[in-house]
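Single-structure report; data block below.
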Amino acid sequence: MTTPMVEAIQIHKSFGHVEVLRGVDLVVQPGEVACVIGPSGSGKSTFLRCINHLETIDAGTMRVNGKLIGYREAGGKLHELRESEVAAQRRDIGMVFQRFNLFPHMTALENVMEAPRTVRRLPKKQAREQAMALLSRVGLADRCDNYPSQLSGGQQQRVAIARALAMEPRLMLFDEPTSALDPELVGEVLDVMRELAASGMTMVVVTHEMGFAREVGDKLVFMDEGVVVEAGNPREVLSSPRHERTQAFLSKVL
Amino acid sequence: MSDAPVLTKRERPEPIKAVPVRHPGRWLAVAILAVLAAMFVNSLFTNPNYGWPVVAQYFFSAPILNGLKNTLILTVLSMIIGIIGGIALAVMRLSPNPVLSSVSWTFTWFFRGTPLIAQLIFWFYLAALYPTLGLGIPFGPTFVSIDVNSAMTPFVACLLGLGLNEAAYMSEIVRAGLQSVDHGQHEAASALGLSRFQTLRRIILPQAMRVIIPPTGNETISMLKNTSLVVAIGYFELLTSAQRIYSNNFQTIPLLIVAALWYLILTSVLSIGQYYVERHYGRSTRRNTGNRLFGFQRAGGATR
């Protein structure tokens, strides 16, 4: 049996008195693409951010590639990891944000080179070659010297994907990567993600793009009010949802 | 409904030629200001009390240039202490470590809360409080010790007083800058595996600079003139030098003009420098470069 890339068991998370996650389970095998859908406020983005410890969890177990995230088990007790240890865990997990979060003071190329240079201490020449290769992969080699403010939303998001890939992650998290884009720019980002999925990358994608989920997803998870309501094969869930809440949600978005 | 395409070629209408709104009030204001300016300029040449020959005589005189040199040295060194100290204090203040945060808060509270002139005098007379300072085991033997009385020259006291006071003010400016950076930047850097320090140095601080620089320019110009407080502990700079001269020859107005002109020149040079520093840190956003230097050139041209 292979180690699951993501193994989330009974994840609970509260912000103040609001319990955003109320026992979420998810298993993603290496190479799988899991799409998470659900109404806004259902906790899907929070759950995604728990996977790389951008949010701490209150209860449950989060493992990535078999390793506990944010904690170390010793002597039957959980010990919080130091900041540097958490940073080291995050290097294997790429993340793409809804609002891109590119570094605005750096060019596209510098954005992609930043983490390999600063974190992995890669020599400049090597980092540059790698970054150029990644920018070509997302179709933006010719825009390498542009600042984010000079790029369209779709281009910025493609640079953000290249930036995340630069750390050669084993897992990629996408937090509504196309929600902030003009409709005509969504396609170019989904194309890059499709290519990435085809190359065997393990991906967890929070999205509203049902077409992408159906076509690329190996697994579809419908979340509502902090729990997984329904999970399964995307084609089956989308065409014949079993739960009432899933039916109600899909009837509104499809 | 016809089947004609939506985009049909049509004659472009004539450009609008409208009578613009008149502003007689502006013209009246310009006329009044022009008369006042003419009167003022005329007085510059005809009023002998300005003492322009005296101004010319002292403008490059040794005592004035010596004072100018001290003003520059004190301003530059104090601002370096202030900026480095301010960054350190701001980072400490925003740190999740409650010890660092409280130390920073207390420092800022004390150095912003007491008058600068009192701090200068305090540093100068530190020997009255602690005649020697040493390094050793607390309540045990001392290995190295310095005689505060001889180490605390007026110059050192000036740097400590001006620099540490400035650090307290700069820390709030830097803090505002750091907090102005979008939280998504922290998240993106964290997600890439950058440490807190790397995130600060590579991602947050460079972006915060755009917010930090304009008030820092203000602080530098303030410092230029605040250095004149060092007279309180017997040190001298530009304004003190001018005062010393006019207390002897009673040419008060001409010597104050000498000092004021030098301050204006220094401020103008600083403003040009600030423009280029701002342009450097704003290079990624085109809108930030705008007409600033143009605005400056007009203002600077009027003063010279």
Side-chain angles (χ1 to χ4, degrees), chain A residues 45 48-49 51-55 82-108 110-121 145-151 156 159-160 163-169 171-175 180, chain B residues 87 91-101 174 176-214 216 274-290:
Chain A
S45 282
L48 193 77
R49 294 156 59 83
I51 299 179
N52 67 352
H53 208 57
L54 277 185
E55 304 286 357
R82 300 184 157 277
E83 223 172 292
S84 55
E85 296 168 311
V86 174
Q89 287 189 329
R90 286 188 180 129
R91 282 165 210 168
D92 287 338
I93 309 172
M95 188 163 193
V96 174
F97 300 87
Q98 181 177 355
R99 304 227 49 108
F100 330 132
N101 295 354
L102 286 181
F103 305 134
H105 57 303
M106 299 179 183
T107 62
E110 288 166 347
N111 263 278
V112 181
M113 286 169 66
E114 179 57 29
R117 288 277 289 141
T118 308
V119 179
R120 295 206 341 235
R121 305 265 168 221
D145 289 329
N146 284 120
Y147 286 100
S149 61
Q150 300 163 332
L151 299 173
Q156 288 189 53
V159 173
R163 180 178 69 174
L165 291 175
M167 288 301 281
E168 294 167 358
L171 168 69
M172 285 284 284
L173 308 176
F174 292 84
D175 186 6
Chain B
I87 292 174
V91 171
M92 285 164 69
R93 181 76 193 280
L94 295 174
S95 153
N97 179 337
V99 181
L100 292 180
S101 177
V174 175
L178 296 178
Q179 287 179 326
S180 74
V181 177
D182 179 38
H183 190 68
Q185 296 290 310
H186 288 272
E187 292 193 340
S190 298
L192 285 168
L194 269 71
S195 71
R196 182 188 299 279
F197 181 73
Q198 287 168 336
T199 305
L200 180 78
R201 188 172 57 89
R202 302 280 311 163
I203 311 298
I204 306 301
L205 207 48
Q207 294 182 58
M209 286 312 261
R210 284 178 44 205
V211 174
I212 293 173
I213 288 164
T216 304
Q274 182 180 342
Y275 167 80
Y276 282 102
V277 177
E278 273 180 34
R279 199 173 67 164
H280 173 77
Y281 283 104
R283 66 195 184 281
S284 56
T285 45
R286 282 156 297 174
R287 61 170 181 225
N288 204 35
T289 45

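Every chain is numbered from 1, with letters handed out A, B, ... down the list of sequences. Values in this document were obtained by computation on a predicted structure and should not be read as measured data.
- Counting heavy-atom pairs under 4.5 Å between each of A:E114, A:R120, A:H53 and chain B puts A:E114 at the top.
- Contacts between residues 179-186 of chain B and chain A, defined by a heavy-atom separation under 4.5 Å, are made by B:D182, B:G184, B:Q185.
- Using a 4.5 Å cut-off between heavy atoms, A:I93 touches chain B through its backbone atoms (N, CA, C, O) alone.
- Using a 4.5 Å cut-off between heavy atoms, A:T118 contacts chain B through both its backbone and its side chain.
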Go through the steps to decide whether B:E187 and A:M95 satisfy the test side-chain contact (heavy atoms from CB on, under 4.5 Å), and finish with yes or no.
CA-CA 9 Å; B:E187 292 193 340; A:M95 188 163 193; over 6 Å; no

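- For A:R163, the parts lying near chain B are the backbone and the side chain together; criterion is any non-hydrogen pair under 4.5 Å.
- Residue A:R90 comes nearest to B:S190 through the heavy atom pair CD-O, 3.1 Å, listed as atom of the first residue, atom of the second, then distance.
- The shortest heavy-atom contact between A:H105 and B:I203 is CE1-O, 3.5 Å.
- Shown here for A:F103 and B:A188, the closest heavy-atom pair between the two residues is CE2-CB, 4.0 Å.
- Looking at A:L173, there are no atoms closer than 4.5 Å to chain B (heavy atoms on both sides), in backbone or side chain.
- The shortest heavy-atom contact between A:V119 and B:Q198 is CG2-OE1, 4.1 Å.
- For A:Q89, no part lies near chain B; criterion is any non-hydrogen pair under 4.5 Å.
- Neither the backbone nor the side chain of A:A88 comes within less than 4.5 Å of any heavy atom of chain B.
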